[in-house]
Amino acid sequence: MRRGADVLTGDLFEVPAPRAALPGALDVGLALRHLLSNLLKASPLSRYQVAARMSELTGSDITKNQLDAWTAESREAWRFPLEYLPAFESAVETHDVTAWLADLRGARLSVGREALEAQLGRITRMRDDLARQERALKKLLGEGES
């Protein structure tokens, strides 16, 4: 599925930083509503179809009216339930909310091949560190000297 420009994914080498732990710094309700609303608009599925798919995935009755309430700025009392997030992202075929949440906490989400490449990078760094430690120990033990 083709989408517009990904405004959530930062530069590959940009180090994510968590929001400051100040009072109110993590009041993200309005931003979450906007993000959910934008993802619904970008989806080729109607809100009825998204609600039906979420209902199917969760086994709970989720309606278009609930989606509307969860995304409306004027409906502050209606909060999007975190337990529905995997079904929502699956229905609209995205990881954008999870990536946004990770970014809020100073992390980065890796999915699929990107996750495997990140793990390979960690293993390579560990191997290189172990090789350096091995050389240092051999030097201390007088091995490798001729």
Side-chain angles (χ1 to χ4, degrees), residues 1-47 49-62 66-67 69-73 75-146:
M1 170 187 301
R2 220 135 147 111
R3 301 215 178 188
D6 181 1
V7 296
L8 297 173
T9 304
D11 181 357
L12 177 63
F13 300 106
E14 178 183 326
V15 177
R19 296 241 175 136
L22 301 171
L26 293 174
D27 181 8
V28 297
L30 186 58
L32 175 61
R33 288 174 187 277
H34 287 175
L35 178 55
L36 295 171
S37 181
N38 288 338
L39 290 170
L40 286 165
K41 288 175 188 170
S43 174
L45 301 178
S46 70
R47 287 182 180 225
Q49 291 170 310
V50 171
R53 181 71 178 133
M54 288 176 67
S55 296
E56 178 184 342
L57 292 169
T58 62
S60 297
D61 186 28
I62 299 170
Q66 285 174 295
L67 286 176
W70 292 331
T71 58
E73 288 184 33
R75 305 286 299 270
E76 272 193 44
W78 284 75
R79 304 293 177 147
F80 182 81
L82 180 61
E83 64 196 80
Y84 292 159
L85 180 58
F88 176 84
E89 285 191 326
S90 180
V92 298
E93 298 182 9
T94 189
H95 291 97
D96 287 356
V97 181
T98 302
W100 175 73
L101 290 170
D103 186 62
L104 285 175
R105 299 295 300 131
R108 178 170 285 138
L109 176 68
S110 297
V111 179
R113 184 175 183 88
E114 186 178 271
L116 296 175
E117 289 170 348
Q119 180 63 17
L120 182 59
R122 283 189 288 277
I123 290 170
T124 301
R125 283 191 304 279
M126 289 170 59
R127 184 197 62 214
D128 293 347
D129 288 344
L130 288 171
R132 275 192 292 279
Q133 290 176 31
E134 180 183 25
R135 285 191 302 275
L137 287 172
K138 284 182 176 181
K139 185 175 179 181
L140 287 173
L141 292 171
E143 294 180 22
E145 296 177 8
S146 304

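From a predicted model like this one, the values you see are computed outputs, not experimental measurements.
Residues meeting the salt bridge (charged side-chain N to carboxylate O under 4.0 Å, His left out) test with Arg132, sequence neighbours left out: Asp129.
Phe80 and Trp70 have perpendicular rings, their planes meeting at more than 60° on a 0 to 90° scale where under 30° would count as parallel.
Of all heavy-atom pairs between Ile62 and Met54, the closest is CD1-CB, 3.7 Å. The heavy-atom pair separating Pro86 from Leu82 by the smallest distance is CD-O, 3.8 Å. Residues Arg75 and Ala69 approach most closely at CB-O, 3.4 Å, considering heavy atoms. For Arg53 against Ala91, the heavy-atom pair with the smallest separation is CG-CB, 3.7 Å.
A donor-acceptor contact closer than 3.5 angstrom is absent between the side chains of Glu93 and Ser43.
Between the side chain of Asn38 and the backbone N or O of His34 there is at least one donor-acceptor pair closer than 3.5 Å. Proximity of a side-chain donor or acceptor of Arg33 to a complementary backbone N or O of Ala72 within less than 3.5 Å is detected. Listed for the Thr71 side chain is a donor-acceptor partner under 3.5 Å among the backbone atoms of Leu67. The main-chain N or O of Val97 is found under 3.5 Å from a side-chain atom of Glu89 such that the two form a donor-acceptor pair.
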Go through Leu40 and Phe88 one step at a time and tell me if the side-chain contact (heavy atoms from CB on, under 4.5 Å) criterion holds.
CA-CA 9 Å; Leu40 286 165; Phe88 176 84; 3.7 Å; yes

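Contact check for Arg108 versus Asp103: no side-chain heavy atoms found under the 4.5 Å cut-off.
For the atom pair CD1 (Ile123) and CG (Leu130), the distance works out to 11.5 Å, reported to the nearest 0.5 Å. The distance from atom CE of Met126 to atom CD of Gln133, rounded to the nearest 0.5 Å, is 10.5 Å.
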